[in-house]
Amino acid sequence: MFYLLKKELTANIRYLLISVAIFILYIFIFSANKTGLFMMCLVFCFYALSTTNMVVDERYKIELLLSTLPIRRRDVVISKYMLILVIFVGSFVLYTLLVFIGRSLGYDKIPPLTPLGVAVGFLVISLFNGIMLPLAYKFGAQATRYVSFILFFGVFFLSSFLGKLDLSGISGFLQMLNELQLSLLAVLVAAVINLLSYPISLSLYKKKDF
């Protein structure tokens with residue numbers, strides 16, 4: 001499993017470096033997004049790696065190569081879902097480090113992380129991956145890249161509204177929850193999305209004839 005995750009992170013090292021550079025750039029350019037800033041940077045990193053990795057795997061027949069090795073197809077699919085956690089943790093650490101460095105240098109425009117911002121970021125990349133991975137296994141990464149492109153830009157519009165979210169206008173059950181409880185709910189929904197999406201992706205991947 002470790003080597004499969006390593007493949008996901010190093011198969012397209014150029015995009016990894018570019019995504020980190022743009023992550024840092026976005027923090028300064030879009031700092032006005034406040035709560036939605038982390039989500040936007042996180043989704044960009046995930047989009048840059050996961051989507052391009054799927055295209056690279058398809059273009060260079062990586063899945064065919066993996067099928068000749070003593071690697072279970074289940075582990076190949078799991079590595080795609082574990083990439084969510086790896087990128088999430090890496091983005092969290094990078095963002096926190098940049099906030100700390102900025103404050104140390106007297107630059108306080110980078111908004112600090114909030115539980116809701118972090119949780120919603122995790123929810124959005126889980127939803128993105130939960131939709132795109134089964135589609136990519138079913139129709140191919142090249143055929144579904146436009147869908148991922150539309151979802152990706154949809155996040156940018158969503159991120160600008162997240163910082164202005166007014167919970168007072170939400171009725172019913174959600175109105176009774178505080179920010180921490182909403183954050184835990186977002187994480188729970190993200191876990192459910194992954195649990196529902198994984199068996200679909202695995203079933204589709206097992207049916208592929210290499």
Side-chain angles (χ1 to χ4, degrees), residues 1-23 39 41-95 97 118-119 121-152 155 186-210:
M1 183 62 66
F2 170 77
Y3 294 103
L4 288 172
L5 275 174
K6 183 179 178 180
K7 177 193 81 69
E8 293 296 326
L9 292 171
T10 60
N12 209 338
I13 193 67
R14 181 167 64 95
Y15 276 91
L16 176 62
L17 296 176
I18 290 175
S19 64
V20 170
I22 295 182
F23 184 104
M39 179 186 73
C41 295
L42 172 62
V43 170
F44 177 83
C45 281
F46 186 77
Y47 171 82
L49 285 177
S50 64
T51 304
T52 53
N53 279 358
M54 291 294 292
V55 173
V56 168
D57 286 353
E58 185 175 278
R59 181 177 301 167
Y60 296 103
K61 309 296 182 183
I62 301 300
E63 292 177 340
L64 175 61
L65 175 61
L66 291 176
S67 68
T68 66
L69 300 175
I71 298 175
R72 296 177 298 182
R73 294 196 178 192
R74 181 183 67 183
D75 292 336
V76 175
V77 177
I78 289 177
S79 68
K80 299 289 186 182
Y81 284 87
M82 289 187 65
L83 185 64
I84 296 175
L85 293 175
V86 174
I87 294 178
F88 173 78
V89 172
S91 296
F92 179 87
V93 171
L94 178 59
Y95 190 101
L97 183 62
V118 173
F122 183 67
L123 171 60
V124 171
I125 61 172
S126 296
L127 180 61
F128 183 93
N129 193 66
I131 294 173
M132 290 310 307
L133 202 53
L135 288 177
Y137 283 139
K138 177 65 176 179
F139 303 106
Q142 292 281 2
T144 57
R145 67 186 186 277
Y146 296 111
V147 179
S148 63
F149 188 74
I150 293 172
L151 289 174
F152 170 67
V155 171
V187 172
L188 177 61
V189 173
V192 171
I193 290 172
N194 287 311
L195 289 174
L196 292 176
S197 175
Y198 166 71
I200 297 174
S201 295
L202 180 59
S203 176
L204 294 170
Y205 187 63
K206 283 184 174 181
K207 293 178 181 177
K208 295 187 73 172
D209 184 11
F210 301 113

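Computed from heavy atoms alone, side chains included, the values below leave out hydrogens, waters and symmetry copies.
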Using the side chain to side chain contact (heavy atoms under 4.5 Å, CB included) criterion, which residues pair with L97? Sequence neighbours excluded. I101
Indicate the atoms forming the closest heavy-atom contact of F128 with S148, along with that distance. CE1-O, 3.5 Å
Scan I87, L83, V86 and name whichever one has a side-chain contact (heavy atoms from CB on, under 4.5 Å) with E8. L83
From L123 CG over to L188 CG, what is the distance, rounded to the nearest 0.5 angstrom? 10.5 Å
Point-to-point distance, once rounded to the nearest 0.5 Å, from CD of E58 to CD of Q142: 5.5 Å
Would you find a donor on one side and an acceptor on the other, under 3.5 Å apart, between the side chain of S19 and the backbone of L16? yes
Minimum heavy-atom distance between P134 and I200, given as atom pair plus value: CB-CG2, 4.0 Å
Distance-only, no hydrogens or angles: does the S197 side chain make a donor-acceptor pair with backbone N or O of N194 under 3.5 Å? no
All side chain to side chain contact (heavy atoms under 4.5 Å, CB included) counterparts of I131, not counting sequence neighbours: L127, L135, L151
Going by salt bridge (charged side-chain N to carboxylate O under 4.0 Å, His left out), name the residues that satisfy it together with R72, two or more places apart in sequence or in a different chain. D75
Ring pair (Phe, Tyr, Trp, His ring centres under 6.0 Å) with F139: which residues, sequence neighbours excluded? none
Pairwise side-chain contact, F122 with I84, heavy-atom cut-off 4.5 Å (strictly under): yes
Working to the nearest 0.5 Å, report the span between CG of N53 and CD1 of I62. 10.0 Å
Going by ring pair (Phe, Tyr, Trp, His ring centres under 6.0 Å), name the residues that satisfy it together with F23, two or more places apart in sequence or in a different chain. none
Is the shortest heavy-atom distance from the side chain of I78 to the side chain of Y198 under 4.5 Å? yes
Rounded to the nearest 0.5 Å, the CD1 atom of I193 sits from the CG atom of L195 at a distance of 10.0 Å
Whether S50 side chain and F46 backbone form a donor-acceptor pair below 3.5 Å: yes
Starting from the C-alpha separation in whole Å, work towards a yes-or-no answer on side-chain contact (heavy atoms from CB on, under 4.5 Å) for L42 and F92. CA-CA 8 Å; L42 172 62; F92 179 87; over 6 Å; no
For L65 against T68, the heavy-atom pair lying closest together: O-OG1, 2.6 Å
Heavy-atom nearest pair, Y205 first then R73, reads O-NH1, 2.9 Å
Sorted by chain and residue number, the salt bridge (charged side-chain N to carboxylate O under 4.0 Å, His left out) partners of K7 (sequence neighbours excluded) come out as D57
Can you check whether A48's main-chain N or O pairs, donor with acceptor, with T51's side chain at less than 3.5 Å? no
Of R59, K80, M132, which is the lone residue that meets side-chain contact (heavy atoms from CB on, under 4.5 Å) with M54? K80
To the nearest 0.5 Å, tell me how far S126 OG sits from L85 CG. 8.0 Å
With a 4.5 Å limit on heavy-atom distance, are the side chains of S203 and Y137 in contact? no
Heavy-atom side-chain contact between Y3 and I71 under 4.5 Å: no
Smallest heavy-atom separation, V187 atom then A119 atom, equals CG2-CB, 3.9 Å
